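Notes for the one structure printed next.
Source: prediction; values computed, not measured.
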Protein chains: 2
Amino acid sequence: MQRELALQVFEALSSGVRLDVFRLLVRAGKEGRVAGEISDALDIPPTNLSFHLKGLTHCGLLSVEQEGRYLRYRANIPLMLDTIAYLTENCCADSPDECAELRRGASSAAPFLPPLDPAAQKCRIS
Amino acid sequence: MQRELALQVFEALSSGVRLDVFRLLVRAGKEGRVAGEISDALDIPPTNLSFHLKGLTHCGLLSVEQEGRYLRYRANIPLMLDTIAYLTENCCADSPDECAELRRGASSAAPFLPPLDPAAQKCRIS
DNA sequence: ACAATGCTTCAAGATTTGTTGAAGTGTTGA
DNA sequence: TCAACACTTCAACAAATCTTGAAGCATTGT
């Protein structure tokens, strides 16, 4: 993960419309949703939705597949997770103690954290 | 985590300057950095840096502490992790099978994923 | 072939965000 | 007390982003 991609991902999620679209598609899973369904569900005019879908798709956060005259969109969750990994590289000045403390502070994020590994070379909130 | 906060977090990280600042402070750990140090390290004029620090601090991604005439900034990593949790709530249409598949796709993010729990009520990339 | 449909691209104007120099606030040390 | 310092706020302009209606491009069904 390089800086430019991470930046594009955060830019893509920095609008209310795009955040809602992405979350809708995360919930939809691999079934995804056709553009018209998203437009209806979120009450966004097709022209405007298309503009935002373009941004999400361009950075890879969404994939598109043509189905006849429909376009089906799906969320790319692994990219999202990789972006977080980029953000937390070399965290805590490489001090396991600090990371352990941090872990205790991450309440609702707890299920996302890996088991603590005292022998870890690099410290990634873990 | 409510929508507005998640939105502010993504907005805060959607600028190159702010992304660099946050990453610098993630690496710095709880020692943090004083504004002047950030300005020097990233070569950003103080006026401009101040503008961006404000955005990061306003949503809670950074904390500030006064030290004499200096202001020390620190990254709030748990907030970042909570934001991801918000993003992936009720993912995969609540299908454990889909989530297991997803997990295999998250390469570099792997260390961030919790152990698979087939009995989980809710499906969060896990 | 043709009209209807689903969605996108284009062009424009409106809104938001970013950047900079000048001025302001509070702290430190002589 | 006063000058130097660290940093912020302010004001003005520059630049990027958002939104919308009109027009375009495939695909579908008759």
Side-chain angles (χ1 to χ4, degrees), chain A residues 3-25 28 31-76, chain B residues 3-25 28 31-76:
Chain A
R3 199 190 97 118
E4 280 317 306
L5 179 54
L7 199 45
Q8 284 182 2
V9 167
F10 287 122
E11 274 168 4
L13 295 171
S14 70
S15 126
V17 170
R18 291 190 296 266
L19 185 61
D20 290 344
V21 169
F22 186 71
R23 266 170 52 84
L24 175 71
L25 291 175
E31 183 190 343
R33 290 285 182 272
V34 143
E37 292 172 336
I38 303 172
S39 178
D40 289 347
L42 267 31
D43 196 35
I44 302 163
T47 305
N48 193 15
L49 177 63
S50 201
F51 170 80
H52 290 294
L53 286 172
K54 197 174 161 188
L56 285 160
T57 306
H58 182 255
C59 71
L61 225 31
L62 259 46
S63 67
V64 213
E65 189 187 359
Q66 184 146 16
E67 284 183 5
R69 59 181 143 182
Y70 300 87
L71 286 178
R72 183 167 299 272
Y73 287 88
R74 278 177 259 258
N76 178 1
Chain B
R3 198 190 98 119
E4 281 317 305
L5 179 54
L7 199 45
Q8 283 183 1
V9 168
F10 287 122
E11 273 169 5
L13 294 171
S14 70
S15 126
V17 170
R18 291 191 297 266
L19 185 61
D20 289 343
V21 168
F22 186 72
R23 266 170 53 83
L24 175 70
L25 290 175
E31 183 190 344
R33 290 284 185 272
V34 143
E37 292 173 335
I38 303 171
S39 178
D40 288 347
L42 266 31
D43 196 34
I44 302 165
T47 305
N48 193 16
L49 177 62
S50 201
F51 170 82
H52 290 294
L53 286 173
K54 197 175 162 187
L56 285 160
T57 305
H58 181 255
C59 71
L61 226 30
L62 259 47
S63 67
V64 213
E65 189 186 0
Q66 184 146 16
E67 285 182 5
R69 59 181 143 181
Y70 299 88
L71 287 177
R72 184 167 299 273
Y73 288 87
R74 278 177 258 260
N76 177 2

Please report the closest heavy-atom contact between B:S14 and B:R18, naming both atoms and the distance. OG-NH2, 3.9 Å
Between CD of B:E67 and C1' of C:dG26 the distance, given in whole Å, is 16 Å
Whole Å only: how far is the NZ atom of A:K54 from the C1' atom of C:dC10? 10 Å
Quick one: is D:dT17 close enough that its OP1 or OP2 comes under 4.0 Å of any side-chain N or O from A:H52? no
Filter on salt bridge (charged side-chain N to carboxylate O under 4.0 Å, His left out), then keep only pairs touching residues 44-53 of chain A, sequence neighbours left out; what's left? none
Donor-acceptor pair, B:Q66 side chain versus B:G68 backbone, under 3.5 Å? yes
Taking only the side-chain nitrogens and oxygens of B:Y70, find out if one of them lies under 4.0 Å from OP1 or OP2 of D:dT8. no
With each end axis built from five pairs of C1' atoms, what bend angle do you get for the helix from C:dA1-D:dT30 to C:dA30-D:dT1? Round to 10°. 30°
To the nearest angstrom, how far is B:E11 atom CD from D:dC18 atom P? 10 Å
Show me the pairs that pass salt bridge (charged side-chain N to carboxylate O under 4.0 Å, His left out) and involve residues 54-65 of chain A, at least two apart or across chains. A:E65-A:R74
Of all heavy-atom pairs between B:F10 and A:L13, which one has the smallest distance, and what is that distance? CB-O, 3.3 Å
How long is the gap from CG on B:L56 to CG on B:N76, to the nearest 0.5 Å? 11.0 Å
Distance col, row A:L19:CG vs A:L24:CG, nearest 0.5 angstrom, shows 11.5 Å
Protein-nucleotide distance (A:R69, atom CZ; D:dA26, atom C1'), rounded to Å: 10 Å
Is there a residue in residues 12-21 of chain B whose heavy atoms reach under 4.0 Å of DNA chain C, and which residues are they? B:S15, B:R18
Between atom CZ of B:F22 and atom CG of B:L53, what is the distance when rounded to the nearest 0.5 Å? 12.5 Å
Gap between atoms CD1 and P, on A:I38 and C:dC7 respectively (whole Å): 9 Å
Residues in residues 41-50 of chain A with a heavy atom under 4.0 Å of DNA chain D, by number, are A:P45, A:T47, A:N48
Can you name the closest pair of heavy atoms from A:E31 and A:R72 and give their distance? O-NH1, 2.9 Å
Closer to the 5' end of DNA chain C via nearest nucleotide, is it B:F51 or B:Q66? B:F51
Looking at every non-hydrogen atom in both residues, tell me the closest pair between A:A12 and A:C59 and how far apart they are. CB-SG, 3.9 Å
Compile the donor-acceptor pairs under 3.5 Å between side chains in residues 32-50 of chain A and protein atoms, sequence neighbours left out, one pair per line.
from: A:E37; atom 1: OE1; to: A:V34; atom 2: N; distance (Å): 2.9
from: A:S39; atom 1: OG; to: A:I44; atom 2: O; distance (Å): 2.7
from: A:N48; atom 1: OD1; to: A:H52; atom 2: NE2; distance (Å): 3.3

Does the side chain of B:Y73 get closer than 4.0 angstrom to OP1 or OP2 of D:dA6 through an N or O atom? no
